[in-house]
Every structure is written in C-alpha cells, then in structure tokens.
Amino acid sequence: MSLLNNKPENKPLSNVNHPETADDTHSDELSFVHDAVLLPETVAAVLGVKSLPKQTGNDDQNSLDQNGLQISGIYVDATFGRGGHSRLLLSQLADDAQLIVFDKDPTAISVAQELASTDSRVKVVHDSFATLTDSLEAMGITEVDGLMADLGISSPQIDDGSRGFSFMRDGAVDMRMDTSRGQSVAEWLMKVDDETLANVLYDFGEERHSRRIARAIKQMDSYESTLELAEVIKVAHPNWQRGKHPATQSFQAMRIFINNELGDVDAFLEQSIPILKSGGQLAVISFHSLEDRRIKQFLQRHSKGQYPEDEKLPMPPNRPRYFSKPKRVGPSKAETSQNPRSRSAWLRMATRTDIDYLPVGDQ
C-alpha cells in the first residue's frame, strides 16, 4: 500500500529529539514543524544502503513508488514520535514489508494508529522499546531486518508546556513520556529526600551544583508550576553558562530519571543482538553524552569482543563479535542551519554479524 495520504507537505513531520538546551521555539501545538534529525542518513542506515534514491519532488503516488527502493523485510522504529523516520522508511519498503513502531507517548501512539489505519504494513506498540523482544514475540516475530531509534525528548513534547518538560512555558511538573502510567516529577519531588534528589541531578544531568539546587527545590511549598521550579533553580544556581538556561541540566535529569530513559536504552541495545538477523542493521540517534556514551561503548564492546571485566584476566575469553565495525555520522552544516536542534545529534550504526547469539552466562 502506498503511503501517499501520510506524506507531509514539503517538510517531514517527525519525532524531533533535540538537546535540552534548545528550548527556543515559539510555535503553538497546531503550527509545529518537526524536522526529523538525520532523516535520510538514518533510513539509509537501517536499510543497509549507502544512500536513498533522489526524489523527483513530485508528491504523487507513482513518483513515490518509482523512487522507492521496494525493500522487503521486517523493520522497527523504536521511537515513533510523529513518524518522520517511519514515513520515509515506508516509502522505501515493498508492499510485503512490515514496520513495527513503538512509543510511550499516548499522543504519538494516536498519530501512529492513524498511520496504521491507512497502511497495513504498520503495527503499533504502546510501550517502551525496552519491551522489544517480548512485544515482538507476542506478534510472532523472532527476528527483524533493521532497528532504528531516535532517543530523548521530542519537539511536540517540549513545546507543549502542559507536559512539564519545558522551563520556558508554564505547566504541571509532570515530565512523563507516558502520561497514562507512573508517577509525575511533582509526585516524586514531594517524597524524595535532598540527598537522593542531588544524586539524580548529578548522575542524570551532570549538574555540578546539584546539592545546592536540591536543597532549594526541597524548600518549595509545592510543585505545581514548571516556571516556578525553573525560577527556584535559576536563583539557586551560582554559575550560569552563557546561552544556556540554568535549569537545563536539572530538568533533563528529572525527566531522564522519572522515565527510566537510560535503563530503557540499555535494555533496548542488549535486545538488539538476539532480535537482529544476520546482516540486520542497527541505527540509533542520540543527543547528549549520557546516551551517546552508552551506545558507543555497547557497539565497541560487541564489535571487538573486548569486555572491561576481562582486562585483568591472564587469559581473556574469546567473546563473540555480534556487530561489524560501527560508524558515526553527524548532521551536515545545512541541517544544523535549518534545524539548530540537530546540532548535538549523533547517529551511530552497525551491522549484525552472522554469529549466533549466546546469553551472557554462556559466553
């Protein structure tokens, strides 16, 4: 089935993850323009091709069919968002291909379900990509041809003040990716002690002044306003970095913690090994060092077969090399000029080797 009815005008709509410092848009929810970061690079990577065919600029169905690669297989978009990467990927897939999309966000899931209603190749999972293998197994899928993920927070989420992610727009101090389950940041702040809060700000936001900020936050009477919370952090912060709001790292830390983002990333990466078939592609975009470091170390470890815990052993075991030598791609100057939120993005990619997966205890 063609994706003609879902093809955006001029610019692709997508889940645009971006650095948390870039809370710089002034559009409302109805006028969002979501530029998918590293869009053609990511889709080409997950398909295992050097580049995508050039589009003619004609938006009709025949043009899409003629310019698409028509590749079969099963693919996963682990972070659907608003579907920018998924839509371009679908334009390159054959009619018998499948695309399974994951997202925690109920709004993103609504968009995904609308897409699925017009394209039978699409299946939707309302859950974290940490449930990858279990969710796919429930569909009868035990291996896939490609996995892609665009980590972090999306423009629609941060630009909607009511979600609580923004320190520039007022709203409830929520910050949950999935608003249908779990506790909000406000609920957590009411119960957490100073020391635990400080540790979260330091570990997940790399905030050097975490203890001072934590004490100030815990002195607040209530946690009903993101602007009030941001102002308290601003006053407590002793060293402002030029061009960066002093609440940036603290908001990032609380968001990452409350959504278990790093834990989910670790689980997703580990599950990519058994679920990818030989020759399958992994492509992951990250926006800050906490995520990127995890992806880098994971791919290095599983492409070299070298584990830190083996370094002191007199005879290190031969570990399996599950991935080929990984590659890294950043946004072009043209992309960062058009979309400043892409400037901190990195795409890391690797190909699954033909080595059978062995559980950790069996390696």
Side-chain angles (χ1 to χ4, degrees), residues 1-18 25 27 29-47 52 55 59 61 64 67-69 71 73-95 97-129 132 135-136 139 144-160 163 177-179 268 283-285 287 335 339 341-342 345 347:
M1 178 182 291
S2 169
L3 198 59
L4 179 63
N5 293 334
N6 294 283
K7 190 177 188 304
E9 299 178 1
N10 299 325
K11 294 183 179 181
L13 298 178
S14 78
N15 175 10
V16 185
N17 297 316
H18 54 80
T25 183
S27 22
E29 186 173 2
L30 297 179
S31 62
F32 284 141
V33 175
H34 311 304
D35 291 328
V37 174
L38 292 161
L39 177 59
E41 295 90 343
T42 302
V43 173
V46 81
L47 290 172
L52 302 181
Q55 299 296 317
D59 286 347
Q61 179 175 345
L64 286 173
N67 285 278
L69 292 170
I71 294 176
I74 302 174
Y75 294 86
V76 172
D77 183 349
T79 51
F80 179 79
R82 295 303 179 267
H85 291 97
S86 281
R87 288 183 170 90
L88 182 58
L89 177 59
L90 284 165
S91 74
Q92 306 300 314
L93 295 181
D95 291 344
Q98 293 185 60
L99 175 62
I100 296 87
V101 301
F102 286 71
D103 211 292
K104 290 182 177 181
D105 192 322
T107 304
I109 289 300
S110 295
V111 177
Q113 289 172 337
E114 182 178 353
L115 175 60
S117 71
T118 62
D119 194 322
S120 61
R121 297 173 296 177
V122 180
K123 301 293 184 292
V124 181
V125 178
H126 180 196
D127 213 333
S128 164
F129 53 42
L132 181 68
S135 294
L136 292 178
M139 299 179 183
V144 301
D145 295 88
L147 295 170
M148 64 179 180
D150 184 3
L151 304 180
I153 192 170
S154 70
S155 283
Q157 289 168 329
I158 201 169
D159 293 336
D160 180 358
R163 298 297 300 273
M177 297 286 190
D178 186 349
T179 54
F268 167 72
V284 186
I285 302 170
F287 288 82
E335 179 169 5
N339 180 14
R341 289 177 169 179
S342 70
L347 167 64

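Because the structure is a prediction, the values reported are computed rather than measured. We're numbering straight along the sequence, starting at 1.
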Would you compute the distance between atom OG1 of T107 and atom CG of D178 and round it to the nearest 0.5 angstrom? 10.0 Å
I100 side chain near K123 side chain, heavy-atom distance below 4.5 Å: yes
Rounded to the nearest 0.5 Å, how far does CD1 of I74 lie from CZ of R121? 13.5 Å
Between H85 and T42 the two heavy atoms that sit nearest each other are CD2-CB, 3.8 Å
Specify the closest pair of heavy atoms between F287 and L151, including all atoms of both residues, with the distance to one decimal. CD1-O, 3.5 Å
Rounded to the nearest 0.5 Å, what separates atom CG in L93 from atom CG in L47? 6.0 Å
With respect to M148, which candidate in L89, V284, V76 satisfies the side chain to side chain contact (heavy atoms under 4.5 Å, CB included) definition? L89
Checking side chain to side chain contact (heavy atoms under 4.5 Å, CB included) against S86, which of L99, V111, T79 comes through? L99
When you compare the side chain of L132 with that of L147, does any pair of heavy atoms fall below 4.5 Å? yes
One should read off an interatomic distance between L52 CG and L88 CG, to the nearest 0.5 angstrom, of 5.5 Å
For V144 and Q98: C-alpha separation, side-chain torsions, deciding distance, then whether side-chain contact (heavy atoms from CB on, under 4.5 Å) applies. CA-CA 9 Å; V144 301; Q98 293 185 60; over 6 Å; no
In short, F102 meets S128 closest at the heavy-atom pair CD2-O, 3.8 Å
Note: V46 and Y75 closest approach over all heavy atoms is O-CE2, 3.5 Å
Under 3.5 Å donor-acceptor, R87 side chain and R82 backbone: yes
Straight-line distance of D105 CG to F80 CZ, nearest 0.5 Å: 11.0 Å
Where A345 and I285 come nearest, the two heavy atoms and their spacing: CB-CG2, 4.2 Å
Short question: side chain of E335, backbone of L38 - any donor-acceptor pair under 3.5 Å? yes
Donor-acceptor under 3.5 Å (H126 side chain, K104 main chain): yes
Between G73 and D145, what is the shortest heavy-atom contact and its length? CA-OD1, 3.2 Å
